[in-house]
Amino acid sequence: MLLRMSTLFLRTLREDPVDAEVASHKLLVRAGYIRRAAPGIYTWLPLGLRVLRRVEDIVREEMDGAGFQEVHFPALLPREPYEATNRWTDYGDGIFRLKDRKGADYLLAPTHEEMFTLLVKDLYSSYKDLPLSIYQIQTKYRDEARPRAGLIRGREFIMKDSYSFDVDDAGLERSYQAHRDAYVRLFDRLGLEYVIVSAMSGAMGGSRSEEFLHPSEIGEDTFVRSPGGYAANVEAVTTPVPDALPFDDAPAAHVEDTPDTPTIESLVACANERFPRADRPWTAADTLKNVVVTLVHPDGTREPLVIGLPGDREVDAKRLEAAVSPAEVAAFGPEDFAKHPALVRGYIGPQVLGAESDSGIRYLLDPRVVDGTRWITGANEEGRHVFDLVKGRDFGADGVIEAAEVREGDAAPDGSGPLELARGIEIGHIFALGRRFAQALDLKVLDENGKQVVVTMGSYGVGVTRALAAVAEGNHDDKGLVWPRSLAPADVHLVATGKDEAVFTEAERLAAELGAQGLDVLYDDRRKVSPGVKFKDAELIGVPTIVVVGKGLAEGVVEVKDRRSGDSEQVPLADVVASVVSTVRG
RNA sequence: CGGGGUAUGGCGCAGCUUGGUAGCGCGUCCGCUUUGGGAGCGGAAGGCCCCCGGUUCGAAUCCGGGUACCCCGACCA
């Protein structure tokens with residue numbers, strides 16, 4: 001395959017596009033791979049399309065190699081299947097909806113669980129047909145509130161989604177593992193560094209879920225990892241529970257006046273001033289903070305919930321949401337306080353809380369608040385706090401909740417060391433869905449006893465366009481992109497410089513010979529473009545091997561440059577083809 | 001949905017404060033020169049200055065109201 005720069009549909013830009021923030025976005029636009037068509041929606045130019053095809057091919061090869069079969073659904077779908085699983089409403093503003101001329105509702109699919117499930121239901125009805133894994137590579141649409149970072153979060157994007165169908169849990173586990181293994185191979189081939197983290201199954205209501213994250217500062221997902229190999233999405237991190245403490249000799253709880261101390265900070269200052277400890281100052285960690293929120297249950301009912309946690313920690317909204325799912329969290333406003341007089345704003349204490357208490361308000365504790373721990377906390381009266389309130393002696397709770405923020409240095413739950421916080425781009429997600437969709441859409445097969453059983457499913461996604469952007473994000477320098485060989489738009493970028501006709505004659509010959517060896521050649525055959533421009537363009541475009549035919553020709557050599565390292569060598573004309581072929585083939 | 005910002009040739013920007021022939025750099029086209037690091041000189045094309053309304057003899061500029069886009073946050077199986 002020979003691409004001539006003189007005719008290639010390409011315009012490189014000297015300056016960064018003003019709307020781009022992250023490197024992959026800036027460079028993919030500058031180097032002429034993509035153009036913005038609308039917010040979060042991109043047009044693919046020839047170079048970009050070549051890279052995209054290579055990513056898709058690798059994904060396809062790994063899926064096919066694992067025995068999964070490719071199908072293709074429409075992107076434009078009717079409302080009914082999504083109605084059956086409640087997702088027509090659950091998705092809210094997150095999907096693009098449209099009507100046909102008769103007024104019937106359609107949507108641009110954000111994902112295809114329903115369609116896959118219905119297709120299998122349509123065709124299969126026996127346990128003998130299973131297990132089955134099928135996949136597609138399809139354009140998906142989500143009306144993101146805020147698209148950002150170019151291809152990384154768009155409103156139109158390409159995703160590979162697979163679905164597995166099994167009769168029992170053991171089968172699902174095997175299918176899940178098969179996908180996990182395929183993803184490992186696939187991301188290795190893409191040259192993408194990744195971390196596999198456990199993830200919360202969340203609203204999808206499954207049993208097991210892991211995310212493949214590409215570590216990157218511009219990633220939108222926060223995850224943790226420990227030196228001993230623990231890794232988890234921040235929502236899925238569990239807190240190691242400390243041992244209970246003895247409290248036989250603990251002083252009795254006592255209520256003290258702490259005027260004007262509605263915040264932890266003011267409380268700690270007041271405690272140190274009026275009730276100083278002999279051994280050390282009070283800190284926020286000595287206080288028990290009680291945060292009240294409103295839970296909105298799926299049926300619409302609202303319930304107050306109080307969460308007790310050490311005063312030096314904040315509630316992490318994402319962890320809280322994940323912990324209370326499928327309920328949603330809303331603010332507890334002044335009007336809510338008015339409805340619940342037991343809750344004194346700024347002075348909430350556990351003594352009046354709990355499902356069994358007079359207030360009936362549910363109270364959940366951070367796992368660190370174990371029996372025997374002593375706290376300064378609200379006395380449920382304006383301007384007063386209680387000291388030496390002992391968990392297990394003076395108060396209890398309705399349960400524990402993982403809602404506190406995770407901090408750098410916190411212990412990993414499996415004892416594998418202190419946690420490090422990092423950011424990542426979610427490039428893959430594997431998910432043991434269970435029977436939710438099969439149940440809702442009535443996908444059953446006859447088992448070997450002739451009984452109807454609900455099929456159990458898994459869903460598995462790879463963000464194809466996002467993975468491409470992640471590769472660009474992780475493979476560039478200040479001059480431009482630096483593609484791994486597996487994805488580059490060409491194997492070699494051949495540059496002819498100079499005005500001597502012999503240069504072009506020789507370059508033409510080289511281009512033809514390299515092509516004959518099966519290499520994809522991007523050939524800069526532009527006549528009136530200065531060498532500087534050609535070099536800059538080559539570096540920007542990022543083909544890993546650059547061959548320059550120019551002034552060395554008089555001595556019978558051409559220059560072979562490695563884009564990534566910048567190293568170059570002069571290679572005798574006669575050896576160039578063999579040398580480049582061996583470099584490219586590795 | 002909150003906060004901040006921006007809308008002017010293909011791209012990046014100035015002009016707006018203080019109304020009076022719409023500019024600069026890059027890119028594009030023509031000619032000559034140049035050919036190993038985004039070339040030089042000369043010429044040229046290309047603008048509902050986001051939209052609607054108002055003030056004014058006259059609005060890119062002032063006033064009112066919209067809309068769109070970008071960034072931060074919230075949201076995001």
Side-chain angles (χ1 to χ4, degrees), chain A residues 10-22 25-26 29-30 32 35-41 82 85-87 90-95 109-114 140 142-150 152-155 157 159 161 163 199-206 209 211 220-221 233 235 317-318 321-322 325-326 328-331 426 428-434 436-437 457-461 463 479-480 495-501 503-504 524 526-540 546 548-554 558-559 561 566 568 570:
Chain A
L10 170 76
R11 178 115 299 138
T12 57
L13 304 179
R14 192 185 294 239
E15 291 168 285
D16 286 334
V18 69
D19 57 348
E21 285 287 305
V22 305
H25 186 193
K26 288 178 183 173
V29 172
R30 274 190 59 203
R35 298 290 296 173
R36 195 188 78 113
I41 302 178
Y82 287 80
T85 52
N86 269 329
R87 295 211 293 181
D90 285 354
Y91 260 112
D93 291 332
I95 51 174
T111 176
H112 283 81
E113 277 84 0
E114 285 83 352
K140 310 282 186 181
R142 293 186 196 170
D143 191 2
E144 295 285 350
R146 190 154 99 74
R148 71 181 99 186
I152 291 177
R153 172 169 297 281
R155 296 195 297 169
F157 55 95
M159 182 170 167
D161 50 330
Y163 302 85
M200 210 63 179
S201 29
M204 296 284 283
S209 170
E211 289 173 359
E220 297 184 285
D221 291 290
N233 187 311
E235 286 95 323
K318 285 187 175 183
E321 292 270 1
S325 175
E328 293 186 358
V329 178
E426 183 185 344
H429 196 162
I430 53 178
F431 208 121
L433 270 182
R436 171 183 167 181
F437 287 90
M457 295 170 52
S459 87
Y460 317 89
K479 298 189 183 77
V495 176
T497 71
K499 57 179 175 179
D500 186 352
E501 193 53 35
V503 163
F504 289 91
D524 198 339
R526 294 176 293 180
R527 294 297 176 122
K528 294 196 170 174
V529 174
S530 70
V533 171
K534 292 181 178 180
F535 296 148
K536 293 287 185 196
D537 276 347
E539 282 156 349
L540 183 58
I546 300 168
V548 183
V549 182
K551 66 181 182 186
L553 197 58
V558 302
E559 183 178 358
K561 287 205 267 196
S568 74
Q570 304 292 331

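Every chain is numbered from 1 and lettered A, B, ... according to where its sequence line falls, protein lines coming before strand lines.
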Closest of B/A77, B/C75, B/G38 to the A/E113 side chain is B/A77
Taking the P atom in each of B/C52 and B/A60, what is the distance between them to the nearest angstrom? 13 Å
Among B/U35, B/A39, B/C76, the one nearest A/V533 by side-chain distance: B/A39
Distance, P atom - from B/A74 to B/G2, rounded to whole angstrom: 15 Å
Out of B/C76, B/G36, B/G37, minimum distance to the side chain of A/E559 belongs to B/G36
Using atom P of each nucleotide, how far apart are B/A22 and B/G66 to the nearest Å? 31 Å
Just how far is it from atom CG of A/D221 to atom CD of A/E426, taken to the nearest 0.5 Å? 5.5 Å
For A/D537, salt bridge (Lys or Arg N to Asp or Glu O under 4.0 Å) partners two or more places apart: A/R526
Out of B/C26, B/C69, B/G37, minimum distance to the side chain of A/K561 belongs to B/G37
From A/H429 NE2 over to A/N233 CG, what is the distance, rounded to the nearest 0.5 angstrom? 8.0 Å
A/K140: which residues meet the side-chain hydrogen bond (donor to acceptor under 3.5 Å, both in side chains) condition with it, sequence neighbours left out? A/H112, A/D161
From B/C76, B/G36, B/G38, nucleotide with atom closest to A/R153 side chain: B/C76
Rounding to an integer number of angstrom, what distance separates B/U21 and B/U6 when you compare their C1' atoms? 28 Å
Phosphate OP1/OP2 of B/G73 contacted by A/R148 side-chain N/O (<4.0 Å): yes
Given B/G36, B/C75, B/A77, identify the nucleotide with an atom nearest to the side chain of A/E321. B/C75
Rounded to whole Å, how long is the line connecting atom CD1 of A/I546 with atom P of B/G37? 16 Å
Residues at least two apart in sequence or cross-chain that pass side-chain hydrogen bond (donor to acceptor under 3.5 Å, both in side chains) with A/R153, listed by chain then number, are A/E144, A/E220
Taking the side chain of A/K318 as its heavy atoms from C-beta onward, which of B/C75, B/G27, B/G36 lies nearest to it? B/C75
What residues, two or more places apart in sequence or in another chain, satisfy side-chain hydrogen bond (donor to acceptor under 3.5 Å, both in side chains) together with A/E321? none
dist A/Y82:OH -> A/T111:OG1 (nearest 0.5 Å) comes out at 6.0 Å
Can you check the distance between B/C13 and B/A59, where both ends of the measurement are the P atom (answer in whole Å)? 28 Å
Consecutive Watson-Crick or G-U pairs in runs of at least 3, all under 3.5 Å, in which RNA chain B is involved: B:1-7 with B:67-73, B:10-13 with B:23-26, B:28-33 with B:39-44, B:50-54 with B:62-66
Could you give the distance separating B/G38 and B/A44 at their P atoms, to the nearest angstrom? 28 Å
Let's see if you can work this out: which of B/G36, B/C75, B/U28 has an atom nearest to the side-chain heavy atoms of A/T497? B/G36
Between the protein and nucleotides 6-15 of chain B, which nitrogen or oxygen pairs come in under 3.5 angstrom?
unit_1 : atom_1 : unit_2 : atom_2 : d
B/G12  : O2'    : A/E15  : OE2    : 3.3

What's the gap between B/G27 and B/A39 when it is taken at their P atoms, as a whole Å value? 7 Å
With the side chain of A/R11 defined as its heavy atoms from C-beta on, choose the nearest nucleotide among B/U35, B/G27, B/C75. B/G27
Any chance you could measure A/D500, atom CG, to A/K551, atom NZ, to the nearest 0.5 Å? 14.5 Å
Residue-phosphate contact under 4.0 Å: A/S530 side-chain N/O, B/U35 OP1/OP2: no
Mind checking the C1' distance from B/G9 to B/U67? Whole angstroms is fine. 22 Å
